[in-house]
Amino acid sequence: MKTENKINRRRFLQIFGAGTAATAAMLTGCSDTKKESEQTTNNDIPTDKMTYRTDSHGQQVSILGYGCMRFPTIQGKSGREDAENEIDQEEVNRLIDYAIAHGVNLFDTSPAYCQGRSEKALGIALSRHKRNEFLVSTKLSNFGVFTREASLEMYYNSFKELQVDYIDYYLLHSVGGGDDAMGYFKARYIDNGILDFLLEERKAGRIKNLGFSYHGDIRIFDYLLSRHDEIHWDFVLIQHSYVDWKHAKLMNPRNTNSEYLYGELDKREIPAFVMEPLLGGRLANLNDHATELLKQRDPEASIASWAFRFAGSMPRILSVLSGMTYMEHLQDNVKTYSPLKPLNDEEYQLLEEIADIFANFPMVPCNTCQYCMPCPYGLDIPGIFSHYNKCLNEGNVQEDRQNPEYAKARKAFLVGYDRSVPKLRQADHCIECGRCIPACPQRIDIPQEMHRINNFVETLKRNGADLGKATAMAVLIKKLDEGNYSCVIGKDGEVRTYNQKGVQDLYDLVKEQNPIMKNAMIADKVIGKGAAAMIVLGGFSEVFTHAICTSAKEMLESNGIHVTFDKEVDYIINNAGTDWCPLEKRVKNCSTAEECWPIIEDFVLGLRQKL
């Protein structure tokens with residue numbers, strides 16, 4: 001019986017906060033990354049200390065690149081999310097002026113950023129400066145319509161909006177996405193002749209450097225690098241953070257660790273741009289203990305600065321792009337890189353410890369890029385994920401219903417959800433149409449996550465629901481689905497996974513009288529009467545399953561075991577779908593778990609004799 005112990009909850013809580021502070025944070029709803037930056041001191045930011053790296057053609061590039069996907073609107077919100085209000089051009093001008101005055105010379109945009117408004121706003125701001133004071137990066141974001149004509153129109157329009165006659169860094173945007181990643185890539189850039197066109201534009205000098213931004217299918221990344229000797233990529237944009245370095249694939253099996261991505265680029269001496277150094281802001285707002293560890297190392301440094309130092313410390317990194325809406329963010333990032341203080345070995349080790357715990361406590365790996373939006377049915381997909389992740393990230397909630405803080409904490413999550421996401425835009429309105437899936441660079445199964453989150457919320461709403469248990473069960477369900485295990489068991493912060501077929505793992509646990517079962521939670525894909533009998537005999541307290549038969553549900557509930565499920569059926573069918581499950585058929589007339597046990601034992605031993 002293969003088991004896997006992935007995380008100890010106490011260790012998780014040490015790193016990511018506990019107790020009263022977590023409860024207080026829940027009462028205020030989702031935190032704003034702006035708050036952390038406002039606490040930093042920015043009075044003495046130098047104008048002449050910016051760190052620069054040199055690109056393939058000898059151009060000096062600021063290690064901090066200004067990502068222009070979150071320009072502020074006139075309401076002070078990010079233009080990435082706020083489509084109703086105009087971009088605040090005056091504030092954009094102020095931010096760009098400050099950046100240039102403090103040594104930032106790279107500005108990265110796209111026709112898709114700020115819902116189609118970023119290039120124009122950036123062009124207006126940069127037109128007030130000499131052309132040799134800035135480098136501009138933009139992309140061919142031909143996601144929906146990728147005919148040659150539409151792609152060329154987008155390309156030429158970028159020059160118009162940016163008010164330039166050449167582009168310093170031009171990218172094939174977000175390669176590796178789509179259900180058929182290779183087919184989608186070829187349709188966007190190969191079959192329509194666009195890649196050949198861009199190579200000619202580079203020869204003509206209208207593109208100074210040609211590269212691509214990568215998300216998703218690693219085969220596309222490897223394919224494009226295999227053509228490096230032919231194409232001569234000048235740079236590549238990758239997702240890179242101290243969590244992504246070794247844990248990107250653990251957090252999302254469809255992703256690739258940036259250790260591999262960076263290593264492949266380094267082998268070929270291709271410079272790298274970095275995106276999402278903060279994982280959509282999640283690494284700017286760690287909880288109590290992680291914050292304490294970092295503050296002990298450097299009391300004056302912001303939490304976000306550690307992620308930026310990691311991202312910039314490796315020599316092949318040309319620039320780290322950060323989407324900065326507020327002046328406070330810009331000032332803090334300029335301060336971090338003026339000059340960059342590379343991490344030492346002890347600091348790398350500290351960040352790896354935090355990353356390991358962070359990655360093993362599974363949250364939805366959403367970076368709030370908004371590519372899934374708008375949802376045709378009105379869901380606020382990034383907002384839902386952000387609030388759900390916040391609950392998991394805060395970790396320690398009151399599990400004792402007698403504790404006076406329990407009711408407050410449970411109410412805080414539900415009230416915070418309603419405040420963060422309007423009710424008509426919450427997870428229960430997802431109809432699983434799947435239109436959002438191809439648009440997600442992280443390749444998240446968004447409908448499946450919405451279904452999981454809605455189950456979580458409904459559990460909390462139920463009278464007497466336990467917030468701590470609901471959170472812990474959500475972790476088990478996510479691991480069950482993503483790891484394709486037969487069942488996952490959680491107890492006292494310890495999580496174990498099992499992968500034998502059918503009920504064999506449960507049989508072994510009951511036969512051994514394994515103490516992990518007593519008062520534990522279990523997530524299982526399918527529960528028939530035989531499995532239910534062993535759950536009763538093992539002393540489990542809480543069960544989740546995707547499908548359960550009526551007799552199993554009745555047996556569990558009659559023994560005081562709480563059950564949640566996706567679907568109830570009359571009986572469990574066999575693998576061929578032609579008849580009852582063999583074990584289900586054998587125990588169907590049993591009245592108690594004890595009566596089922598000798599039949600189960602005979603069945604499992606018979607199976608193993610055939611192997």
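Throughout, residue positions are numbered sequentially from 1 according to the sequence presented.
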- Under 4.5 Å between any side-chain heavy atoms of Gln75 and Asp82, yes or no? yes
- Query: Does the gap between the ring centers of His173 and Phe143 come in under 6.0 Å?
  - Reply: yes
- Item | Within-4.5 Å side-chain heavy-atom neighbours: Val320 and Ile317 | yes
- Message: Using a 3.5 Å distance criterion without hydrogens, assess whether the side chain of Ser319 forms a donor-acceptor pair with backbone atoms of Gly65.
- Response: yes
- Message: Please report whether the ring centroid of Phe212 lies less than 6.0 Å from that of Phe235.
- Response: no
- Query: Of Pro376, Cys372, Cys375, Pro374, which meets side-chain contact (heavy atoms from CB on, under 4.5 Å) against Cys436?
  - Reply: Cys372
- After noting the C-alpha distance and the side-chain angles of Phe308 and Ser322, does the key distance pass the side-chain contact (heavy atoms from CB on, under 4.5 Å) rule? CA-CA 9 Å; Phe308 281 99; Ser322 176; 3.4 Å; yes
- Any side-chain heavy-atom pair from Asp566 and His451 closer than 4.5 angstrom? yes
- State whether the number of non-hydrogen atoms from other residues, nucleotides or ligands found under 6.0 Å of Lys186 atom NZ is greater than 12. no
- Should Asp524 and Tyr485 be marked as a side chain to side chain donor-acceptor pair (under 3.5 Å) after you check the CA-CA gap, both sets of side-chain angles, and the distance that decides it? CA-CA 8 Å; Asp524 201 330; Tyr485 299 112; over 6 Å; no
- Query: Any luck finding a side-chain donor-acceptor pair between Thr138 and Ser110 under 3.5 Å?
  - Reply: no
- Smallest separation among heavy atoms of Thr564 and His562, with atom names: CG2-CE1, 3.4 Å
- Query: Quick one: salt bridge (Lys or Arg N to Asp or Glu O under 4.0 Å) partners of Glu91, sequence neighbours excluded?
  - Reply: Arg94
- List the steps, then state whether side-chain contact (heavy atoms from CB on, under 4.5 Å) holds for Ile522 with Leu476. CA-CA 7 Å; Ile522 182 170; Leu476 302 189; over 6 Å; no
- Message: One pair to check against side chain to side chain donor-acceptor pair (under 3.5 Å): Asp332 and Ser302. What are the steps and the verdict?
- Response: CA-CA 8 Å; Asp332 189 51; Ser302 70; 2.6 Å; yes
- Working for side chain to side chain donor-acceptor pair (under 3.5 Å), residues His387 and Gln426: CA-CA 11 Å; His387 190 75; Gln426 293 181 0; over 6 Å; no
- Query: Does one side chain, of Thr73 or Asp88, offer a donor that lies under 3.5 Å from an acceptor on the other?
  - Reply: no
- Item | Close side-chain approach of His429 to Tyr377, heavy-atom, < 4.5 Å | no
- State, yes or no, whether a side-chain contact exists between Phe385 and Thr368 at a heavy-atom distance under 4.5 Å. no
- Task: Given side-chain contact (heavy atoms from CB on, under 4.5 Å), test Leu237 with Tyr169 step by step and report yes or no.
- Result: CA-CA 11 Å; Leu237 175 57; Tyr169 299 92; over 6 Å; no
- Answer yes if the side chains of Ser118 and Thr109 hold a donor-acceptor pair under 3.5 Å, and no otherwise. yes
- Task: Give the intermediate values and the outcome of side-chain contact (heavy atoms from CB on, under 4.5 Å) for residues Cys430 and Asn454.
- Result: CA-CA 9 Å; Cys430 177; Asn454 185 51; over 6 Å; no
- Name all residues meeting the side chain to side chain donor-acceptor pair (under 3.5 Å) criterion together with Ser258; count only those two or more places apart in sequence or in a different chain, and write none if there are none. His240
- Message: Would you compute the distance between atom OH of Tyr170 and atom CG of Leu198 and round it to the nearest 0.5 angstrom?
- Response: 6.0 Å
- Message: Show the nearest heavy-atom pair for residues Ala248 and Asn257, with the distance to one decimal.
- Response: N-OD1, 3.0 Å
- Query: Any donor and acceptor pair, going by atom type alone, linking the side chain of Tyr326 with main-chain N or O of Gly76 inside 3.5 Å?
  - Reply: yes
- Message: If you define the side chain from C-beta out and look only at heavy atoms, does anything of Arg496 sit under 4.5 Å from Val488?
- Response: no
- Message: Looking at every heavy atom in both Val495 and Lys479, which two are closest together, and how far apart are they?
- Response: CG1-CD, 3.8 Å
- Message: Any heavy-atom pair between the side chains of Met275 and His215 that's under 4.5 Å?
- Response: yes
- Drop me the distance from Phe71's CZ to Ile87's CD1, to the nearest 0.5 angstrom. 8.0 Å
- Heavy-atom pair with the smallest gap, counting every atom of Leu279 and Ser241: CG-OG, 3.8 Å
- Message: Let me confirm one number: the OG1-CD distance from Thr545 to Glu568, rounded to the nearest 0.5 Å.
- Response: 11.5 Å
- Query: Would the Tyr417 and Tyr388 ring centres measure less than 6.0 Å apart?
  - Reply: no
- List the atom of Leu140, the atom of Tyr155, and the distance in Å for their closest heavy-atom pair. CD1-N, 4.2 Å
- Query: Is the count of non-hydrogen atoms from other residues, nucleotides or ligands lying under 6.0 Å from Arg219 atom CZ greater than 12?
  - Reply: no
- Glu90, CD: over 12 other non-hydrogen atoms inside 6.0 angstrom: no
- Close side-chain approach of Tyr113 and Leu122, heavy atoms under 4.5 Å: no
- Please check if the side chain of Gln115 supplies one atom and the backbone of Arg80 the other of a donor-acceptor pair under 3.5 Å. yes
- Item | Closest approach of Leu321 to Pro277 (non-hydrogen atoms, all atoms of both residues) | O-CD, 3.4 Å
- Angle class for the Phe544/His546 ring planes (parallel below 30°, perpendicular above 60°, tilted otherwise)? perpendicular
- Hey, are Lys160 and Glu119 close enough for a salt bridge, meaning a charged N less than 4.0 Å from a carboxylate O? no
- Item | Test side chain to side chain donor-acceptor pair (under 3.5 Å) applied to Ser78 and Glu81, step by step | CA-CA 6 Å; Ser78 165; Glu81 294 84 21; 2.9 Å; yes
- Taking atom CZ of Phe310 and atom CG of Leu283, what is their separation to the nearest 0.5 Å? 10.5 Å
- Item | Asp481 bridged to Lys525 by N-O distance under 4.0 Å | no
- Answer yes if the side chains of Tyr66 and Asn333 hold a donor-acceptor pair under 3.5 Å, and no otherwise. no
- Item | Distance, nearest 0.5 Å, that separates CG of Asn192 from CG of Asn142 | 7.0 Å
- salt bridge (Lys or Arg N to Asp or Glu O under 4.0 Å) assessment of Arg117 paired with Glu86: CA-CA 9 Å; Arg117 301 169 292 175; Glu86 296 178 3; over 6 Å; no
- Within a reach of under 6.0 Å around CD of Glu153, are more than 12 heavy atoms found that belong to other residues, nucleotides or ligands? no
- Note on the structure: One should read off an interatomic distance between Asp244 CG and Asn255 CG, to the nearest 0.5 angstrom, of 7.5 Å
- Query: Between Asp356 and Lys246, is there a salt bridge with N-O shorter than 4.0 Å?
  - Reply: no
